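See structure below.
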Number of protein chains: 2
Amino acid sequence: VAATNSEKTIGIVAGAGPFAGQDLVRKVLEQTLATHDQDHLNLIALYRPNEITDRTEYLLDSSLPNPGYAIARQVLDLGNLGAEIAAIPCNTAHAPEIYDVIESELKAAQCPVRFLNMIQETTIHLRTYYAHIEHIGVLSTTGTYNSRIYPAHLEMAGFDVIVPDPQTQQQTIHPAIYDPQYGIKATGTVTPRARQDLLQNVYALLAQGAQAVILACTEMPLAIREQEIEGAAVIDPTLILARALIREANPAKLKPHAPTESQISC
Amino acid sequence: VAATNSEKTIGIVAGAGPFAGQDLVRKVLEQTLATHDQDHLNLIALYRPNEITDRTEYLLDSSLPNPGYAIARQVLDLGNLGAEIAAIPCNTAHAPEIYDVIESELKAAQCPVRFLNMIQETTIHLRTYYAHIEHIGVLSTTGTYNSRIYPAHLEMAGFDVIVPDPQTQQQTIHPAIYDPQYGIKATGTVTPRARQDLLQNVYALLAQGAQAVILACTEMPLAIREQEIEGAAVIDPTLILARALIREANPAKLKPHAPTESQISC
């Protein structure tokens, strides 16, 4: 597949968090039809993590600086560097309190970059491939949990949404990402405890009737790589976002959907 | 660990090849001392693979355009984007025929970016941690093989270098990277055959007396993740380059060497 003049350059706000950023880049590469180095898409991954304050911390305490401003500046910088489409692989940054600031800053600056919305892309994906499903479970950070961003989108799309109870959210799921001893962000690695705690909560959502579970924090797919658990689809918004970026950059280079997806959509 | 004003921004020419580029980014993240997203270093990964023609093809046919010019332009662009240190995770690009062009172009443009040399960094690493070793095996692409860049550096450092015979190089090792059906670059994945063929040649070098083996093509560590095989160290120049970039950006954020390295250096 040759590069064409109409092929667009992808920009990724890759520092929030950095491991999610590199996971998104990897998925863009893996989902691109390419047989030579030269076939791959142009992509700029910008890791400036120290400018972007923690998204969940802000959602829990709105007296802190809103990270949306720094994210918007980085999208503008990506545009100046040549990016024409951009995205941030951080679900929590899509909470309206943050996302609205990103959007209004980009609009005020007349930013020409098309900024993809991971939550919208995930919702469209579910409506397209999982229309037969009713109940969807969502695992996320406490910031995303409190913002109800996934339930809001999914319920509008006609799905019933199941989330953990607040105590489990606080005591088990959030620490799997943030705990200084075993959290994925804090340790920069998937500790056995983080995987165990997340996996246990996938099973808990399935037991409550979820027919698919969204790993709605971009660190979670680093720990749970299964595409299916007990016959239920495990939905990875990072993978969906990677495919959406390729679709926008050059749809001719997008790999066909994996067989598991089409089987499930039957 | 807090960001300091003196901390430098890393630039990576990540498109040659893209999977090696993202492997280097991942290793920079993994080797950084960080407990929060915000602790990670500023880094720009520039994937513009279609500008950089194949390095081995050029070394085999010097009538083709020299990819060094495109690489130098991308380093200059990384500098304009704010990078102060840069590197390219491609051993073949370090062959003098290409590397000399990169260096002279950067010099002519008075490029202020400090451009690290992966072969030099690997040689320094070996002299530091493997001074007790005499015989080092090298597996590479045919471009790197013909350029004798590793033997030249390593012999100057006092090591004896063992490489495969030309027929094995041509018929087994090069195809593990480039074969359209099972090569790592061509398929964008580590096929069982590619791993098998590379691993078999690691064993062959050990049988010839190698006490350590350098995986001197940045796609090889994607296939061989072992740090040690039959007691011999497997040397990953991408990992060494990742650590060199952190050392230059902010040495206080460099993780200590892995225990296997210090054990071996005893």
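What you are looking at is a predicted structure, and each value in this text was computed from that prediction instead of being measured.
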Task: Residues that Asp179(A) engages under side chain to side chain donor-acceptor pair (under 3.5 Å), provided they are two or more places apart - done: none

Open item on the list: Counting C-beta onward and ignoring hydrogens, is there a side-chain heavy-atom pair between Asn42(A) and Asn50(B) closer than 4.5 Å?
Closed with: yes

Open item on the list: With a strict 4.5 Å heavy-atom criterion, list every residue of residues 22-30 of chain A that contacts chain B, or say none.
Closed with: Gln22(A), Val25(A), Arg26(A), Leu29(A), Glu30(A)

TODO: Quick one: which residue pairs count as a ring pair (Phe, Tyr, Trp, His ring centres under 6.0 Å) with a foot in residues 17-37 of chain B, not counting sequence neighbours?
DONE: His40(A)-Phe19(B)

- [ ] Select one option (side chain, backbone, both, neither) describing which atoms of Ile52(A) are under 4.5 Å from chain B's heavy atoms.
- [x] backbone

Open item on the list: Is it true that, when you exclude Gln170(A) itself, more than 12 heavy atoms of the residues, nucleotides or ligands shown sit nearer than 6.0 Å to its CD?
Closed with: no

- [ ] Pick whichever of Ala45(B), Ala16(B), Gly17(B) has the most heavy-atom pairs under 4.5 Å with chain A.
- [x] Ala45(B)

TODO: Please round to the nearest 0.5 Å and tell me the distance separating atom OG1 of Thr35(B) and atom NZ of Lys185(A).
DONE: 12.0 Å

Open item on the list: Given heavy-atom pairs under 4.5 angstrom as the criterion, report whether the side chain, backbone, both or neither of Ile12(A) touches chain B.
Closed with: neither

Open item on the list: If I measure from the heavy atoms of chain B, does Pro18(A) come under 4.5 Å with its side chain, its backbone, both, or neither?
Closed with: both

- [ ] Give, as side chain, backbone, both or neither, the part of Leu41(B) having an atom under 4.5 angstrom from any heavy atom of chain A.
- [x] backbone

Task: Distance-minimising heavy-atom pair for Asp37(A) and Arg55(B) - done: OD2-NH2, 2.8 Å

Open item on the list: Just to be sure I understand the criterion: a residue of residues 77-87 of chain B counts if one of its heavy atoms is under 4.5 Å from a heavy atom of chain A. Which ones qualify?
Closed with: Leu81(B)

